[in-house]
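Before any comments, here is the structure.
FYI, side chains are in, hydrogens and waters are out, and symmetry mates aren't considered; it's all heavy atoms of this structure.
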Amino acid sequence: MDEKGDERSDRDFERQADERPPSFLREFVDFLVHNKKWWLIPIVVVLLLLGILAALGGSGLAPFIYPFF
């Protein structure tokens, strides 16, 4: 590789190093789009809802949540 190519790759590396990394949600959406894993969305949503229910079940809101189930 010539010297100009090395300089260009150094600048690209520095530019990418200065960029802010994507959030977890953005990386997950990019993964779903790139790999066409749309079937994962319902699984993740159900797991999130169960996690929220478990967190609220251990709080003061539990008596108000349980009559719905």
Query - Residues that R26 engages under salt bridge (charged side-chain N to carboxylate O under 4.0 Å, His left out), provided they are two or more places apart - result: D30
Using residues 34-51 as the side-chain source, report each donor-acceptor pair under 3.5 Å to any protein atom, sequence neighbours left out, with the distance given to one decimal.
from: N35; atom 1: ND2; to: F31; atom 2: O; distance (Å): 3.4

Query - Which residues share a side-chain hydrogen bond (donor to acceptor under 3.5 Å, both in side chains) with R15, sequence neighbours left out - result: E19
